[in-house]
Amino acid sequence: MKRSVQQSATWLAALVLALVVHTLTLAFVVLGGWTIVVNAQFAAAWALGALLIAIGWMLRPRLGSLPADAEVLDPSSAPQVYGMAERVADRIGVKRPQKVAVRDLVLGTTYARTGPLRVPVLVIGLPSWLALSPRQRVALLARAYAELPTGGELIVDGALATLGAWREALIGAAPLRAREAAHTQMATSLGVLNSNSTGYEAVSFLGRIVGRVLGGPVLLTEYCLKRLARSDDARRHERRQARALRVLTAEELAEIDGLLASGRYVAPMQAAALRGESVASIRRTALLVPNSAHDGVRTTAPGSAPSGSVLSSSELLGSAESDRIDDELLRHYTRAIRSFGLVI
């Protein structure tokens with residue numbers, strides 16, 4: 001009990017510190033706007049205000065967006081995909097995805113709320129999806145839904161991203177290599193390689209010194225926030241596991257985690273794609289890859305659930321529905337297998 005209270009207090013401290021970071025970010029925008037409004041007759045005030053607003057904009061928390069290579073599926077052309085995604089979301093207890101997208105070269109599947117309107121979006125990696133049995137597909141979606149961060153986690157993660165941007169700007173910046181190379185070439189051609197440092201080099205050196213001085217508090221704040229946030233890692237893992245276990249057994253969750261971590265189904269699929277085999281043949285090849293890392297023997301038949309499972313494959317996704325999903329995604333599979341050799 002005492003340990004739980006201590007963890008709660010530590011997490012509360014992390015939230016407060018994260019809110020302070022976000023408040024400072026907002027302060028740049030407010031101060032920039034106030035500078036322009038109060039001193040609107042001065043051009044320098046406009047320049048300073050615009051600079052402060054730009055800094056606040058660059059350091060703003062990111063609301064997330066679809067990856068550039070993701071293709072959103074039309075619900076009318078993929079009703080089985082959307083139907084399965086909604087059934088699993090209902091069982092896990094999260095909002096149904098308004099958009100389902102696919103990616104050709106990504107193994108993982110993610111679920112997140114994106115944009116200012118926090119639209120729930122499910123993004124499926126086609127190489128993994130093609131390789132999984134119906135039961136494993138349910139497990140993959142359950143795992144993705146369970147990973148959805150809470151509001152507090154989003155606040156802390158956003159503050160850490162802001163502090164990381166500050167650290168990179170103040171400490172990680174270095175002189176432009178192209179500029180240094182051009183300076184060296186010019187000095188060599190003019191025969192003044194041993195000449196005194198130029199104004200550019202002096203200002204660059206001064207900028208790095210100032211950056212390290214100002215970066216000290218940023219580093220300290222980032223270090224403290226990471227330490228405070230780490231105290232909630234165990235409870236975060238428990239929350240996500242509890243979500244996933246609404247649909248899966250612990251054995252199924254461990255199986256899908258191990259399968260995604262090992263990626264042992266990728267190489268056979270790549271070899272089959274290079275041989276020019278069809279999508280159906282590549283899927284059969286992937287389903288024959290052993291699921292057990294210990295004895296190399298598949299412990300369950302494709303599409304069947306292990307003993308003690310809290311779901312049946314026919315309840316959330318049966319073999320027939322899974323086949324119809326493959327039919328809906330056939331065009332995307334056909335395009336994706338042309339690039340399977342690029343999957344790492």
Side-chain angles (χ1 to χ4, degrees), residues 11 15 18 61-67 70-75 78-103 106-126 128-129 132-158 160-161 229 232-257 259-261 305 309-318 321-322 325 328-329:
W11 177 244
L15 281 176
R62 299 302 189 264
L63 298 177
S65 60
L66 273 174
E71 179 182 358
V72 178
L73 302 177
D74 186 351
Q80 294 293 331
V81 177
Y82 276 87
M84 178 202 176
E86 291 171 356
R87 290 193 299 272
V88 180
D90 291 342
R91 183 68 65 89
I92 291 292
V94 298
K95 288 186 177 181
R96 294 181 173 186
Q98 294 184 19
K99 296 179 181 179
V100 178
V102 293
R103 302 181 70 184
V106 175
L107 299 181
T109 292
T110 59
Y111 171 76
R113 294 171 183 165
T114 61
L117 300 180
R118 314 308 295 154
V119 176
V121 178
L122 177 68
V123 181
I124 298 173
L126 287 179
S128 297
W129 189 259
L132 299 180
S133 66
R135 176 179 59 82
Q136 292 168 333
R137 287 176 171 178
V138 172
L140 181 68
L141 293 195
R143 180 181 184 272
Y145 288 139
E147 291 289 329
L148 181 68
T150 63
E153 291 169 0
L154 285 174
I155 292 174
V156 173
D157 291 344
L160 285 172
D232 196 55
D233 284 350
R235 290 198 301 176
R236 180 183 300 192
H237 176 73
E238 291 174 359
R239 284 195 299 268
R240 293 178 178 178
Q241 189 172 35
R243 272 183 177 177
L245 294 181
R246 296 174 186 173
V247 171
L248 311 174
T249 63
E251 178 187 358
E252 289 173 321
L253 183 58
E255 177 190 1
I256 194 65
D257 285 342
L259 189 62
L260 293 177
S309 175
V310 296
L311 59 89
S312 65
S313 60
S314 60
E315 182 180 355
L316 293 176
L317 182 66
E321 290 89 346
S322 182
I325 286 176
E328 293 174 353
L329 297 178

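Note: hydrogens, waters and symmetry copies are ignored here, and every other heavy atom, side chains too, is used. Only a predicted model underlies this, so the values are computations on that prediction, with no experimental measurement involved.
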Under 3.5 Å donor-acceptor, Glu328 side chain and Val81 backbone
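At least one qualifying donor-acceptor pair exists.
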Can you check whether Ala70's main-chain N or O pairs, donor with acceptor, with Arg103's side chain at less than 3.5 Å?
no
[X]: what forms a side chain to side chain contact (heavy atoms under 4.5 Å, CB included) with it, not counting sequence neighbours?
X: Thr109; answer: Leu122, Ile124, Leu140, Leu141, Ala144
X: Ala229; answer: Trp11, Val156
X: Ala146; answer: Arg243, Ala244

Shortest non-hydrogen contact from [X] to [Y]?
X: Arg246; Y: Gly93; answer: NH1-CA, 3.9 Å
X: Leu248; Y: Ala139; answer: CD2-CA, 3.5 Å
X: Ala112; Y: Leu148; answer: CA-CD1, 4.2 Å
X: Leu132; Y: Arg137; answer: O-NE, 3.4 Å
X: Leu154; Y: Pro149; answer: CD2-CG, 3.7 Å
X: Leu253; Y: Ile256; answer: O-CG2, 3.2 Å

Ring pair (Phe, Tyr, Trp, His ring centres under 6.0 Å): pairs with one or both residues in residues 82-102, sequence neighbours excluded
none
Show me the pairs that pass side chain to side chain donor-acceptor pair (under 3.5 Å) and involve residues 140-158, at least two apart or across chains.
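Non-adjacent pairs meeting side chain to side chain donor-acceptor pair (under 3.5 Å): Arg143-Asp257, Glu147-Arg240, Glu153-Arg236, Glu153-Arg239, Glu153-Arg240.
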Quick check: do [X] and [Y] have side-chain heavy atoms less than 4.5 Å from each other?
X: Pro120; Y: Val94; result: no
X: Ile325; Y: Leu317; result: yes
X: Pro97; Y: Val121; result: no
X: Leu316; Y: Val247; result: yes
X: Val123; Y: Leu66; result: yes
X: Glu252; Y: Arg135; result: yes
X: Leu329; Y: Trp129; result: yes

In Å, rounded to the nearest 0.5 Å, how long is the span from CD of Gln80 to OG of Ser322?
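Gln80 atom CD to Ser322 atom OG measures 10.0 Å (nearest 0.5 Å).
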Partner set under salt bridge (Lys or Arg N to Asp or Glu O under 4.0 Å) for Arg62, not counting sequence neighbours
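Scan of Arg62 (salt bridge (Lys or Arg N to Asp or Glu O under 4.0 Å), adjacent residues dropped) gives none.
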Can you list the residues that meet the salt bridge (Lys or Arg N to Asp or Glu O under 4.0 Å) rule with Glu86, with sequence neighbours excluded?
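Partners of Glu86 under the salt bridge (Lys or Arg N to Asp or Glu O under 4.0 Å) test: Arg96.
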For Thr114, give me all partners under side chain to side chain donor-acceptor pair (under 3.5 Å), at least two apart in sequence or on another chain.
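Side chain to side chain donor-acceptor pair (under 3.5 Å) list for Thr114, sorted by chain: empty.
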Could you check whether Glu255 and Gln136, counting side-chain N and O atoms only, form a donor-acceptor pair closer than 3.5 Å?
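Glu255 and Gln136 do have a side-chain donor-acceptor pair below 3.5 Å.
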Please list all pairs passing the salt bridge (Lys or Arg N to Asp or Glu O under 4.0 Å) test where one or both residues lie in residues 107-118, with sequence neighbours left out.
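As it turns out, there is no salt bridge (Lys or Arg N to Asp or Glu O under 4.0 Å) pair with a partner in residues 107-118 once direct neighbours are skipped.
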